[in-house]
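Data block below; observations after.
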Amino acid sequence: MILQVYLLTIGYLLLGAGALLVDEYGGQYILLLRLRHNLSRSSLIPLLLCILGLSLSVCKILFPVSPGPVLIGDFVPVLSLAILATYHATQSVKLGKARRRRTQEAGEQSFSSSSQDDMLQKTGTLIETHKRNLGFFMLFCAVLHFLFPGAVLL
């Protein structure tokens, strides 16, 4: 199970790095534009990616790559997974709001909590501001974790 979590973590970090770097380098790499299109097609996809990121981070905490100690062995990859899960949660909420707005224009009414929306909006704005730097950090973390799987990444 440790090897599967390890490979899924690297794939998830690379996918997240691509999603974060699409605004900066989407014009040069068509693969990034396709990635953004596939991620923004439905509000369910970012929600599933958020759940996957949280479950991977829990698995990385409990089952780090040996010889890493439990709970702190893979701290940087776990932190990166948590940041990406938060990013995907804000994207899911943003796509859900856009869908609700379209249905409201069609005549339906919906109710939303303003405090939760406020917090997610501030978090999303912070991530959007530092998108390029976070994308390179995720890419660096994935490459470092791939090259040195047994290293304690504190």
Full working for side chain to side chain contact (heavy atoms under 4.5 Å, CB included) between F63 and V5: CA-CA 8 Å; F63 308 110; V5 171; 5.8 Å; no
Quick check on F136: does its CZ atom have over 12 non-hydrogen neighbours (other residues, nucleotides or ligands) under 6.0 Å away?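 Count over threshold, so yes.
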Does F146 CZ have over 12 foreign heavy atoms under 6.0 Å away?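 No, CZ of F146 has 12 or fewer neighbouring heavy atoms, counting only those of other groups under 6.0 Å.
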Restricting to non-hydrogen atoms, name the atom on [X] and the atom on [Y] that form the minimum distance, rounded to 0.1 Å.
{"X": "V22", "Y": "L32", "answer": "CG2-O, 3.1 Å"}
{"X": "A89", "Y": "C50", "answer": "CB-SG, 3.8 Å"}
{"X": "L14", "Y": "A142", "answer": "CD2-CB, 3.9 Å"}
{"X": "S80", "Y": "F137", "answer": "OG-CE2, 3.3 Å"}

Applying the 4.5 Å side-chain criterion to the ILVMFWY set and letting contacts propagate, would [X] and [Y] be lumped into a single cluster?
{"X": "V78", "Y": "I51", "result": "no"}
{"X": "V143", "Y": "F140", "result": "yes"}
{"X": "L48", "Y": "V58", "result": "no"}

After noting the C-alpha distance and the side-chain angles of M138 and I83, does the key distance pass the side chain to side chain contact (heavy atoms under 4.5 Å, CB included) rule? CA-CA 9 Å; M138 298 302 163; I83 290 170; 3.6 Å; yes
Side-chain contact test, heavy atoms from C-beta onward, threshold under 4.5 Å: evaluate it for [X] versus [Y] and give yes or no.
{"X": "L13", "Y": "L81", "value": "yes"}
{"X": "L35", "Y": "L31", "value": "no"}
{"X": "Y6", "Y": "L3", "value": "yes"}
{"X": "H145", "Y": "D74", "value": "yes"}
{"X": "P77", "Y": "C141", "value": "yes"}
{"X": "L47", "Y": "H88", "value": "no"}
{"X": "L49", "Y": "L39", "value": "yes"}
{"X": "L134", "Y": "Y87", "value": "no"}

Hey, could you give me the [atom1]/[atom2] distance between [X] and [Y], rounded to the nearest 0.5 Å?
{"X": "T9", "Y": "L52", "atom1": "OG1", "atom2": "CG", "result": "8.5 Å"}
{"X": "L33", "Y": "Q28", "atom1": "CG", "atom2": "CD", "result": "10.5 Å"}
{"X": "L15", "Y": "L20", "atom1": "CG", "atom2": "CG", "result": "9.5 Å"}
{"X": "L95", "Y": "L44", "atom1": "CG", "atom2": "CG", "result": "11.0 Å"}
{"X": "K60", "Y": "S55", "atom1": "NZ", "atom2": "OG", "result": "12.5 Å"}
{"X": "L54", "Y": "L84", "atom1": "CG", "atom2": "CG", "result": "10.5 Å"}

For R36 and R41, run side chain to side chain contact (heavy atoms under 4.5 Å, CB included): C-alpha distance rounded to whole Å, both residues' side-chain angles, the deciding distance at 0.1 Å, then the answer. CA-CA 9 Å; R36 177 171 48 186; R41 219 179 337 174; over 6 Å; no
